[in-house]
Amino acid sequence: MYKIKGFIPRTYQESIIKTAINNNTLVVLPTGMGKTAIAIMLSIERLNKFPDSKILILAPTKPLSEQHLQTFKQKTTINPEKIILLTGMIRPEIRKELWKNSTVVIATPQTIESDLKNKRISLEDTTLLIVDECHRSKEKFANTIVSQEYIKKSKNQKILALTASPGSTKKEIEEICNNLNINAIEIRTESDIDIKEYIKEKETEWVLVDLPQEFKDLKSLIDESYKDKLKKIKRLGFSKPLNLINKKDLLLLQKRFQNEILGGSKTAFYSISLIAQAIKLEHAITLLETQGINPLKEYWKKLEIDQSKAAKNILDEINIKKSISLTNTLIEENFQHPKTEKLIEIIKTELNKNPDSKIILFANYRFTVNELFSILNDIDKAKPIRLIGQKEGLTQKQQIQTITDFEQEQYNILICTSIGEEGLHLSTVDLAIFYESVPSVIRSVQRRGRVGRVKIGKIIYIITRSTKDEAFYWSSFQKEKKMKDILHKMQKKNKEEQTIL
């Protein structure tokens, strides 16, 4: 008989397990509330019921997979040699042998998808599929492909899907449920009685800054070109008021015209180029408002080597030529985004108050991460380190080492792109700083979950007034509220249906 060790299940975890034993279950819990513990409990139950079977855990990144590997080894009586990690870094023929001799397999979805496609492994004897960060189970993503193969092939199947935020609309949540064959939902939020006592307090502070006049002048030049594109787009039959058109609208419109091209429409080419120009200009405004002058200069450079007609048309415009010239002038005059100055002040105050403080800083763009790393390196007591994705230049091995070094006190500031958002258990973080807000509810919830996991933590949002920063913050706030409401209704309906049955 396999057993769990090192932790006593909480009441809400036991309640969720009762549902998960009999159903394919979507579990939505705030970060730090023990989703992995639920995965372990269900794994033990399935292995005791089907002793010669396997458990497969899908996790989106190597650092997160590595954490699952260590947790399963520490918290179960399963032979540690039979708990393995499979990634694309291991040669296919070795993966085949490792799979054959394992009990618990933790892997990135792309690795399992590849091994299934090449018939190196079979899911026939896998009695539990755990999909961590299951909000990634959309369309033809690797998660979805593996799950559908599992549903077809497994003799004794059960699926457990885990996330802190599956999406903000009913359609998004239903898509995940359909792709993973989910028939039960268990959600707990910070306000639920059975988890309230375990929630670590998080103090939240909103630090507001204003764009300097020089930035506003630059923005109005770009904005003039942007609005000119929107007026032309409206003439194509787009009815939404000019001031309410957003990037999502432009992307949907772009998709519509791409379909028209397939149908033989020649005017659709002009429309797509026009929309592409609007999207590029909207991005330039976002960079200026939320990141600053240097990232904007980098973006102008990118456009100069961009071979698309849209990029060439933008650069030919008088307003944009003036914008590029003004950008260069502001850089020569050492202008920085006011958020940078505010960030330096926050970090100095924090480290003077508590020299042992551990800080995680989120920024959207690699350029900004590098810039902030360089700035923070000059602060007394600050020991920053960067955590970026493989595409941005850090290998999986380096990512894991970075997290270890941060946890083991070699560094006290972890500057992350989106890779730091998902699932990582950083037990030592006192303060999380959002250098900019993100409109995605999934990303916003994940970011907040990196702080206050073991002790009381603090979150600081640095927001530029009357800009996309502020709009993105309120967008994710409203989406999160809506998400919780939808999930509670779906859970209630699901339980009522099961009662009738």
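Everything quoted here is computed from the prediction, not taken from an experiment.
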Participant: Between Glu174 and Lys171, is there a donor-acceptor pair closer than 3.5 Å when you use the side chain of the first and the backbone of the second?
Facilitator: no
Participant: Just to verify, what does Pro109 make a side-chain contact (heavy atoms from CB on, under 4.5 Å) with, not counting sequence neighbours?
Facilitator: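 side-chain contact (heavy atoms from CB on, under 4.5 Å) list for Pro109, sorted by chain: Leu58, Ala142, Asn143.
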Participant: For Tyr473, what residues pass the side chain to side chain donor-acceptor pair (under 3.5 Å) criterion, not counting sequence neighbours?
Facilitator: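 Partners of Tyr473 under the side chain to side chain donor-acceptor pair (under 3.5 Å) test: Trp206.
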Participant: Output every pair passing side chain to side chain donor-acceptor pair (under 3.5 Å) with a member in residues 210-219, not counting sequence neighbours, ordered by first then second residue.
Facilitator: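 For residues 210-219, and leaving out neighbouring residues, the side chain to side chain donor-acceptor pair (under 3.5 Å) pairs sorted by first residue read Asp210-Arg465, Gln213-Asp217, Lys219-Glu289.
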Participant: Ile433 versus Ile347: any side-chain heavy-atom pair under 4.5 Å?
Facilitator: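 Of all side-chain heavy-atom pairs linking Ile347 with Ile433, at least one is under 4.5 Å.
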Participant: Could you point out which residue of Lys280, Lys301, Lys312 forms a salt bridge (charged side-chain N to carboxylate O under 4.0 Å, His left out) with Asp306?
Facilitator: Lys280
Participant: Whether the side chain of Thr404 engages the backbone of Ile400 through a donor-acceptor N/O pair (distance < 3.5 Å, no angle test) should be reported.
Facilitator: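 Judged by distance alone, yes, a pair lies under 3.5 Å.
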Participant: Can you pull the side chain to side chain donor-acceptor pair (under 3.5 Å) pairs that have at least one residue in residues 321-338, sequence neighbours excluded?
Facilitator: Trp300-Thr327
Participant: Side chains of Ile462 and Ile346: does their closest heavy-atom pair fall under 4.5 Å?
Facilitator: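 The answer is yes; the side chains approach within 4.5 Å.
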Participant: Under 3.5 Å, side chain of Thr467 to main-chain N/O of Thr464, donor-acceptor pair present?
Facilitator: yes
Participant: Scan for salt bridge (charged side-chain N to carboxylate O under 4.0 Å, His left out) pairs involving residues 247-256, sequence neighbours excluded, and state none if there are none.
Facilitator: Lys240-Asp249, Arg256-Glu260
Participant: Tell me, do Leu414 and Leu361 make a side-chain contact under 4.5 Å, heavy atoms counted?
Facilitator: no
Participant: Considering residues at least two apart in sequence or located in another chain, which fulfil the side-chain contact (heavy atoms from CB on, under 4.5 Å) criterion with Phe269?
Facilitator: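 For Phe269 the side-chain contact (heavy atoms from CB on, under 4.5 Å) partners, ignoring immediate neighbours, are Ile261.
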Participant: Can you find a pair of side-chain heavy atoms, one from Ser65 and one from Thr87, that are under 4.5 Å apart?
Facilitator: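 Not touching, per the 4.5 Å side-chain cut-off.
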Participant: Please lay out, stage by stage, how Lys232 and Asp228 fare under the test salt bridge (Lys or Arg N to Asp or Glu O under 4.0 Å).
Facilitator: CA-CA 7 Å; Lys232 289 175 181 172; Asp228 179 58; 3.5 Å; yes
Participant: Is there a donor-acceptor pair closer than 3.5 Å between any side-chain N or O of Thr163 and the backbone N or O of Ser165?
Facilitator: yes
Participant: Say whether Thr25 and Glu186, considering side chains only, have a donor N or O and an acceptor N or O under 3.5 Å apart.
Facilitator: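 Thr25 vs Glu186: no donor-acceptor pair found between side chains.
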Participant: Tell me whether Asn352 contacts the main-chain N or O of Lys348 through its side chain, where contact means a donor paired with an acceptor under 3.5 Å.
Facilitator: yes
Participant: Hey, does Ile285 have a side-chain heavy atom less than 4.5 Å from the side chain of Tyr226?
Facilitator: yes
Participant: Thinking salt bridges, do Lys358 and Glu407 make one under a 4.0 Å N-O criterion?
Facilitator: no
Participant: Whether the Ser114 and Thr111 side chains hold a donor-acceptor pair (N or O, under 3.5 Å, no angle test) is what I'd like checked.
Facilitator: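 No.
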Participant: Compare all side-chain heavy atoms of Asn313 with those of Ser273 and state whether any distance is below 4.5 angstrom.
Facilitator: yes
Participant: Arg386: which residues meet the side-chain contact (heavy atoms from CB on, under 4.5 Å) condition with it, sequence neighbours left out?
Facilitator: Val369, Asn370, Phe373
Participant: Gln258: which residues meet the side chain to side chain donor-acceptor pair (under 3.5 Å) condition with it, sequence neighbours left out?
Facilitator: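 Not a single residue meets the side chain to side chain donor-acceptor pair (under 3.5 Å) criterion with Gln258.
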Participant: Which residues pass the side-chain contact (heavy atoms from CB on, under 4.5 Å) test with Ser475, sequence neighbours left out?
Facilitator: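 Per chain and number, Ser475 pairs via side-chain contact (heavy atoms from CB on, under 4.5 Å) with Pro439, Lys479.
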Participant: Under a 4.0 Å threshold between the charged nitrogen and the carboxylate oxygen, would Glu113 count as salt-bridged to Lys117?
Facilitator: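 Salt bridge absent between Lys117 and Glu113.
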Participant: For residues Gln277 and Glu317, determine if any side-chain heavy atom of one lies less than 4.5 Å from a side-chain heavy atom of the other.
Facilitator: yes
Participant: How would you list all residue pairs meeting salt bridge (charged side-chain N to carboxylate O under 4.0 Å, His left out) that involve residues 334-345, not counting sequence neighbours?
Facilitator: Lys339-Asp469, Lys342-Glu345
Participant: Whether the side chain of Glu436 engages the backbone of Asn364 through a donor-acceptor N/O pair (distance < 3.5 Å, no angle test) should be reported.
Facilitator: yes
Participant: What pairs with Phe434 under ring pair (Phe, Tyr, Trp, His ring centres under 6.0 Å), at least two apart in sequence or on another chain?
Facilitator: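 Counting only residues at least two positions away or on another chain, Phe434 forms a ring pair (Phe, Tyr, Trp, His ring centres under 6.0 Å) with Phe362, Tyr461.
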Participant: Main chain of Lys383, side chain of Asn412: is a donor-acceptor contact present, judged purely on distance under 3.5 Å?
Facilitator: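 Yes; judged by distance alone, with no hydrogens or angles, the pair exists.
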Participant: Residues two or more places apart in sequence or in another chain: which of them pass ring pair (Phe, Tyr, Trp, His ring centres under 6.0 Å) with Phe477?
Facilitator: Trp474
Participant: Any donor-acceptor pair under 3.5 Å linking the side chain of Glu205 with the backbone of Ile460?
Facilitator: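 A pair under 3.5 Å: no.
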